[in-house]
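Note that this is a predicted model, so its numbers are computed, not measured.
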Amino acid sequence: MVKVQKRPVKYKQKRARQLGYNSIQRSKVKNHFRLEFSFIRTLPNYRMVRVTFFSFFPPSLSLTMAKNPLLCSIVLLAVLAGATSDDGAELDYSKLSGIIIPGFASTQLRAWSILDCPYSPLDFNPLDLVWLDTTKLLSAVNCWLKCMVLDPYNQTDHPDCKSRPDSGLSGITELDPGYITGPLSSVWKEWIKWCIEFGIEANAIIAVPYDWRLSPSKLEERDLYFHKLKITFETAYKLRGGPSLVFAHSLGNHVFRYFLEWLKLEIAPKHYIQWLDQHIHAYFAVGAPLLGAMETIEATLTGFTFGLPISEGTARMMFNSFGSSLWMMPFSKYCRTDNKYWKHFSGGRQVGPPTYHCDEQEFKTNLSGWPTKIINIEIPSTRAFDAYPSFSEIPEANLSSMECGLPTQLSFSAREISDGTFFKAIEDYDPDSKRLLYLLEKSYLGNPVLNPLTPWDRPPIKNVFCIYGTDSKTKVGYYYAPSGKPYPDNWIITDVVYEFEGSLISRSGNLVEGNPGAISGDETVPYLSLSWCKNWLGPKVNITKAPQSEHDGSDVQIKLNVEHHHEEDIVPNMTRSPRVKYITYYEDSESLPGKRTAVWELDKANHRNIVRSPVLMRELWLEMWHDIHPDAKSKFVKKAKRGPLRDEDCYWDYGKARCAWPEYCEYRYVFGDVHLGQSCRLRYTTAELLSHYL
């Protein structure tokens, strides 16, 4: 009801009004009327708030409004519509979209040249698949390499052939489509399948492939990748009407980190956080090598074939031609770089090149926070004196053997790898070292936007989820020696150090001294690098450990408000069954107002296969459903139980001669079923089942 009062507003009027009371009153401004509209609004967390709008009208409208209550109602609606369209209004989470940033070697590359291959019936024509076409790799390996390698200095294509990344979802689902090769090279296909089964619209999932061979600065210089990524976020917002969820795997997390830093130089500082809040709702970092990965060392010195039918020497030459070969090098958690433009972002001005500095803790153990020295290598002669700055620390016995020309073993920490000390030390013995050192200084240490070989602080995004696998045997150190063969096979691995079950062991099974963590990594990335995101959690953390498979909640363990200190790991003292794979949730929604941070650890989840894990996809979907639903009552999705969500999750229990999970599944035969498990299907719709997790 709209009430018109012609008398002036009293200075001390009664504050409490009945709910829904609206009035037009004469304001203290001479001859102006005040339009007041109050209503009650219910927020998603069921908190009731009273919202009151005021609007003043000039004399030309005051008399008309006083005589026409209907006009007052129309004006009230206009005021309300304008007020609820502000930036502080509630977001429509049903309009979220998903943006996928794939990892290293997880995007198809296609030829953009015509290349005749001698002695082979197969040639390369425009848009032919290069990465990955195993048929052409087997029949014309030299032609295939021409389309893959880059110039190690300027990152340009081979004169005879160039390749460019494919676009769209088809470029990241299967690298080598085929009846046999397709399942073996599947990356994001199962992920997309889950989205389709749960009714996600086609325009809601957007893939942003990139040329994973390039350094971060070259990605922008050659392909304008980060400009395109920014436009992708803005287009998704206009198309769907809401922010995006970012899913990044492996190297894709480093790409996203560089994008966030690059964005600071493209957007005015006062609008930076506003842009992030408007366009990104949550960031899911899957298998992120936040402090680097060990296999990068192996690929650089001896070659890593990825299971392809090529020699390790060929794989090494190809990998070292990529500008991204150093992007995932291990680095110290104690050393940082003052960004060249950070003062520009904060309103000041930076003069001179970026400075690299380390904390005192770096030099106390000289392990850079890692379990052991990363590289132990034999140097055959004394020519490394000038290249290795810390030679004065080598014992005299080692010096005497070097003077006699005997090989001497030198050890290098993560800091000495990331700052170029290691490459300077072997510069006289390895032709790739000079090229890699040039690339390191130009594209990484001297990068004006960001030195990627430095620790990453929590990104300024509302919701951050860090997800990775644990408890697998993972490499943390190498022993190298000269092989006596010419380049590229001039080094051999003599031993490997692994982390596993709280110990360091060699390839032969002997224990190795060092500083192992309580948990091991995901077979590719060490636990120290994966778990760095635990530093993004606050001082009080809620921890939940639950079985990965469907469960009734009997084996769920919860600890609330566990104390957490910065740069210290959190290892919950919880019981576990040796035959059960668990998922451990570390959750914090209190330390940063309006922000949530969570870390998920999945037992035995492999780095390369984690994006195909049904457990991960189930948990991601439940968390997204929780965020979307307006009736969600908790900060995070409940962990009390996990039941089947799809028909594929139902199976036949031969011991009880019925479908397992009878409260969720029932036997329902459909023509074409070939075994009992196929006839077990959900009793209820997926929407009804999901309502149990709010």
Side-chain angles (χ1 to χ4, degrees), residues 99-113 129-132 144-168 171-172 175 187 207-232 248-263 265-266 288-289 292-293 295-296 299-300 304 306 315-329 331 418 432 435-454:
I99 294 181
I100 301 176
I101 307 178
F104 182 80
S106 297
T107 297
Q108 289 182 346
L109 299 179
R110 294 190 176 273
W112 199 246
S113 302
L129 198 59
V130 177
W131 183 271
L132 183 60
W144 181 81
L145 282 174
K146 289 181 180 179
C147 295
M148 284 296 300
V149 298
L150 301 173
D151 185 279
Y153 287 99
N154 54 28
Q155 296 293 285
T156 56
D157 298 282
H158 191 279
D160 296 335
C161 184
K162 66 172 61 174
S163 298
R164 291 295 180 267
D166 202 352
S167 59
I172 65 172
L175 298 180
V187 184
V208 283
Y210 58 95
D211 194 335
W212 40 268
R213 303 172 299 168
L214 298 178
S215 63
S217 57
K218 201 67 177 179
L219 271 176
E220 176 62 20
E221 178 185 338
R222 195 195 75 178
D223 297 342
L224 291 177
Y225 177 78
F226 298 109
H227 269 95
K228 295 178 182 177
L229 184 55
K230 178 176 178 288
I231 294 174
T232 300
H249 177 239
S250 193
L251 179 63
N253 293 282
H254 287 284
V255 174
F256 184 62
R257 177 194 182 186
Y258 192 89
F259 167 73
L260 294 179
E261 294 297 323
W262 171 88
L263 193 64
L265 307 179
E266 295 294 316
E295 287 186 352
T296 309
T300 301
F304 193 82
F306 296 98
R316 182 193 179 193
M317 288 191 298
M318 180 180 69
F319 181 78
N320 286 348
S321 73
F322 299 161
S324 61
S325 60
L326 301 175
W327 207 343
M328 291 190 290
M329 279 286 182
F331 51 86
S418 61
D432 268 349
R435 296 194 291 266
L436 292 172
L437 189 60
Y438 172 82
L439 178 65
L440 177 66
E441 295 175 347
K442 178 182 178 182
S443 300
Y444 294 90
L445 301 182
N447 192 305
V449 177
L450 168 73
N451 177 7
L453 304 180
T454 51

Value for CZ (Phe226) from OG1 (Thr232), rounded to nearest 0.5 Å, stands at 12.0 Å
Pro209: side-chain contact (heavy atoms from CB on, under 4.5 Å) partners, not counting sequence neighbours: Thr107, Ile172, Ala207
CD on Gln155 to OG on Ser443, rounded to 0.5 Å: 6.5 Å
For Glu441, give me all partners under side chain to side chain donor-acceptor pair (under 3.5 Å), at least two apart in sequence or on another chain. none
Considering residues at least two apart in sequence or located in another chain, which fulfil the salt bridge (charged side-chain N to carboxylate O under 4.0 Å, His left out) criterion with Asp223? none
Quick one: does Leu150's side chain get under 4.5 Å of Asp157's, heavy atoms only? yes
Listed partners of Phe331 passing ring pair (Phe, Tyr, Trp, His ring centres under 6.0 Å), at least two apart: none
Distance-minimising heavy-atom pair for Met148 and Arg213: O-NH1, 2.8 Å
I want to check something: taking the side chain as every heavy atom from C-beta on, are Met318 and Trp144 in contact at a cut-off of under 4.5 Å? yes
Under the salt bridge (charged side-chain N to carboxylate O under 4.0 Å, His left out) test, which residues partner Lys162, sequence neighbours left out? none
With Glu220, which residues qualify under salt bridge (charged side-chain N to carboxylate O under 4.0 Å, His left out), at least two apart? none
Taken in chain and number order and not counting sequence neighbours, the residues that satisfy side chain to side chain donor-acceptor pair (under 3.5 Å) with Thr454 are Arg257
Can you list everything that forms a side-chain contact (heavy atoms from CB on, under 4.5 Å) with Thr300? Sequence neighbours excluded, please. Thr296, Phe319, Asn320, Met329, Phe423, Leu436
Quick one: does Trp131's side chain have a donor or acceptor within less than 3.5 Å of a partner on Ala105's backbone? yes
By side-chain contact (heavy atoms from CB on, under 4.5 Å), Glu221 pairs with (sequence neighbours left out) Lys218
Tell me every residue that passes side chain to side chain donor-acceptor pair (under 3.5 Å) with Arg316, counting only those two or more places apart in sequence or in another chain. Asp430, Asn490
Could you work out, with salt bridge (charged side-chain N to carboxylate O under 4.0 Å, His left out) as the rule, every residue matching Arg110, not counting sequence neighbours? Asp166
Which residues pass the side chain to side chain donor-acceptor pair (under 3.5 Å) test with Ser167, sequence neighbours left out? none
